[in-house]
Amino acid sequence: MSLLSDLRLRGLIHQTTDDEGMDQWLQERPRTVYAGFDPTADSLHVGSLLGLVVLRRFQQAGHKPIAVVGGATGMIGDPSGKSDERNLLSKEALAQNVAGLGEQMRKFLDFDCGSCSAELVNNFDWTGQWSYLEFLRDVGKNFPVNVMLAKDSVKSRLGRSDEGQSGGMSYTEFSYMLLQAYDFVHLNEKFACELQAGGSDQWGNITAGIDLARRMNSVQLRGLTWPLLTKSDGTKMGKTESGTVWLAAERTSPYQFYQYWINVEDADVGNCLRMLTELNQGEIEALEVARENEAGKRESQRRLAEEITRLVHGDEGLSVAQKATEIFFGAEISDLDDSQLRQIFADVPSKQLAKTRLTDGGLAIVDALVEAGLSKSKGEARRTVEQGGAYVNNRRVEGIATQLTAEHLASETVLVLRSGKKKYALLRFE
RNA sequence: GGGGGGUUACCGAAGCGGUCAAACGGGUCAGACUGUAAAUCUGAUGGCUAUGCCUUCGCAGGUUCGAAUCCUGCACCCCCCA
């Protein structure tokens, strides 16, 4: 199956500049394709996943992917789809972010495989060189304002100009499109890049780049967009009550990441499997059937979580996430050492207490719950225990009189407390 | 400026001299059920060294053997008349 028909089948194609010819064009010879990534944080998040996955597929099909980090455009802010003007970032912060993103991209793209090696470039490297006058002369001249005003991203903002300070659009933001358009021209000149891919909200920017290349260099470039990945309730993927789901393990632990996918709604999981994983059509269909017959097993979610977590955090990250899942959902805790426990419970609050608290008859379970922050008062702790909601190392505590001693330690120094179904805390005795 | 009503625990809201740590509903926390879903059901819900003790009913005083409940003053809120 050709790359493009596979992408189509997976629902990854929203629009192309060349519906009839592109498939053929891609099969003729290896092409160079680029997609942009937002550098407003030092980590990518679930929202960037689609772009990475698409570039990865292009590379697997023998094409050369370029990931462009918008160091320059990030300083300005893309108006597309944003209701308000974005905060500007300092140069230093951007440089740091760009470095972080590159690290994560290595998991998706091969940067060392000869002619189709991926490239990571920062558009600040070329955009930063421009003088204002040069830019106006060489680039700005090619942008008819009336065409720009007709773009949806601009129109929607101008319509709000009477709504006080947040309405309207600054000249800086208005210029964003020019910068991004020039990126395409530059990449075409330097890497012979002929195709830009992006989310459907990027269509306007992509076509602007194609127009500019035609005017400046008389070349015909191409564009392709993927649909925005949204949930069945219309909200964005990748957000939880506690915030964004990041790809960096320091920001979102592998366990939390894995759990995010495990908890995807039935209505969304099919889309996610098709768009984000590399499972083939047959496997995806089999999961679909399984989902209809035995929805309760949630095999699709499990598979989805497994695939994506492996891609982002590697086999090791996946196995920690799975082990943690097993434990967080009731498996008794045994045969684990300090470092394993710490890794698994990385997200869980912990408190250090003196080792001596465990000697001399031990530490009352009620006090332990309060110390660990699982109960606000001893009364509340007592209630929890009496109602059967307190667990030590995932074993239910029987009786209010329980005293914790060294025998209750799960590993050398750590004891795992739990209140209710999911609230955990660690006590470290050192 | 005058008249009336209000202020109760996390929130809403009963209580109007002892049996009030204070009904009821929501929330929250546990438990059961379940698909790590939704719904439902059950229990708990001021603190503690705990069959008792301590601190709470806007704030400060007072009456009384005894006050969330009565009286006085103060603060804030709402309504009506100027």
Salt-bridged, A/Glu326 to A/Lys323, with N to O below 4.0 Å?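 A/Lys323 and A/Glu326: salt-bridged.
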
Closer to the 5' end of RNA chain B via nearest nucleotide, is it A/Phe329 or A/Gly420? A/Gly420

Comparing nearest nucleotides in RNA chain B, the 5'-proximal residue of the pair A/Glu380, A/Arg298 is A/Arg298

Side chain of [X], heavy atoms from C-beta onward: which of [options] has the nearest atom to it?
{"X": "A/Lys421", "options": "B/U36, B/U45, B/U34", "answer": "B/U34"}
{"X": "A/Gln301", "options": "B/G35, B/U36, B/G31", "answer": "B/G35"}
{"X": "A/Thr325", "options": "B/G35, B/U36, B/C48", "answer": "B/U36"}
{"X": "A/Arg396", "options": "B/A32, B/C48, B/U36", "answer": "B/A32"}

For B/G43, does the base pair up with any side-chain atom of A/Gln387 as donor and acceptor (N or O, under 3.5 Å, distance only)?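 When only heavy-atom distances are counted, A/Gln387 does reach the base of B/G43 through a donor-acceptor pair under 3.5 Å.
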
What do you reckon, are the aromatic ring centroids of A/Phe345 and A/Tyr255 less than 6.0 Å apart? no

Ring-ring centroid check A/Trp226 A/His14, cutoff 6.0 Å: no

Output yes when at least one side-chain N/O atom of [X] is less than 4.0 Å from OP1 or OP2 of [N], else no.
{"X": "A/Thr384", "N": "B/A30", "result": "no"}
{"X": "A/Lys423", "N": "B/C29", "result": "no"}
{"X": "A/Lys376", "N": "B/G46", "result": "no"}
{"X": "A/Tyr391", "N": "B/G31", "result": "yes"}

Among A/Val68, A/Val98, A/Leu187, find the one that has a side-chain contact (heavy atoms from CB on, under 4.5 Å) with A/Asn123.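 Among A/Val68, A/Val98, A/Leu187, the one meeting side-chain contact (heavy atoms from CB on, under 4.5 Å) with A/Asn123 is A/Val68.
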
Please state the [atom1] separation for the pair [N] and [M] - nearest whole angstrom.
{"N": "B/A21", "M": "B/C48", "atom1": "C1'", "answer": "14 Å"}
{"N": "B/A9", "M": "B/G4", "atom1": "P", "answer": "27 Å"}
{"N": "B/G5", "M": "B/C54", "atom1": "C1'", "answer": "35 Å"}
{"N": "B/A68", "M": "B/A14", "atom1": "C1'", "answer": "12 Å"}
{"N": "B/A60", "M": "B/U7", "atom1": "C1'", "answer": "16 Å"}
{"N": "B/U8", "M": "B/G58", "atom1": "P", "answer": "7 Å"}
{"N": "B/G35", "M": "B/G43", "atom1": "P", "answer": "25 Å"}
{"N": "B/C70", "M": "B/G18", "atom1": "C1'", "answer": "14 Å"}

Result for salt bridge (Lys or Arg N to Asp or Glu O under 4.0 Å) between A/Asp367 and one of A/Arg357, A/Lys351, A/Lys378 points to A/Lys378

Pairing nucleotide - [N], Watson-Crick or G-U, each distance under 3.5 Å:
{"N": "B/U51", "result": "none"}
{"N": "B/A44", "result": "B/U28"}
{"N": "B/U7", "result": "B/A75"}
{"N": "B/U19", "result": "none"}
{"N": "B/G1", "result": "B/C81"}

Protein-nucleotide distance ([X], atom [atom1]; [N], atom [atom2]), rounded to Å:
{"X": "A/Glu386", "N": "B/C29", "atom1": "CD", "atom2": "P", "answer": "19 Å"}
{"X": "A/Arg291", "N": "B/G35", "atom1": "CZ", "atom2": "C1'", "answer": "13 Å"}
{"X": "A/Lys422", "N": "B/U28", "atom1": "NZ", "atom2": "C1'", "answer": "16 Å"}
{"X": "A/Arg303", "N": "B/G35", "atom1": "CZ", "atom2": "C1'", "answer": "19 Å"}
{"X": "A/Glu265", "N": "B/U36", "atom1": "CD", "atom2": "C1'", "answer": "12 Å"}
{"X": "A/Arg383", "N": "B/U42", "atom1": "CZ", "atom2": "P", "answer": "18 Å"}
{"X": "A/Glu326", "N": "B/U36", "atom1": "CD", "atom2": "P", "answer": "14 Å"}
{"X": "A/Leu304", "N": "B/G35", "atom1": "CG", "atom2": "P", "answer": "20 Å"}

Quickly, which of A/Tyr34, A/Phe124, A/Trp126 forms a ring-ring contact (aromatic ring centres under 6.0 Å, His included) with A/His186? Name it, please. A/Trp126

Using a 4.0 Å heavy-atom cut-off, does [X] contact any base of the nucleic acid, only the sugar-phosphate backbone, or nothing at all?
{"X": "A/Gly296", "result": "base"}
{"X": "A/Arg418", "result": "nothing"}
{"X": "A/Ser375", "result": "nothing"}
{"X": "A/Lys297", "result": "nothing"}

Say whether, by atom type as modelled, one donor and one acceptor occur between the side chain of A/Glu386 and the main chain of A/Ile400 under 3.5 angstrom. no

Check the angle between the aromatic planes of A/Tyr171 and A/Phe174 and answer parallel, tilted or perpendicular using the 30° and 60° thresholds.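 The rings of A/Tyr171 and A/Phe174 sit tilted, inter-plane angle from 30° to 60°.
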
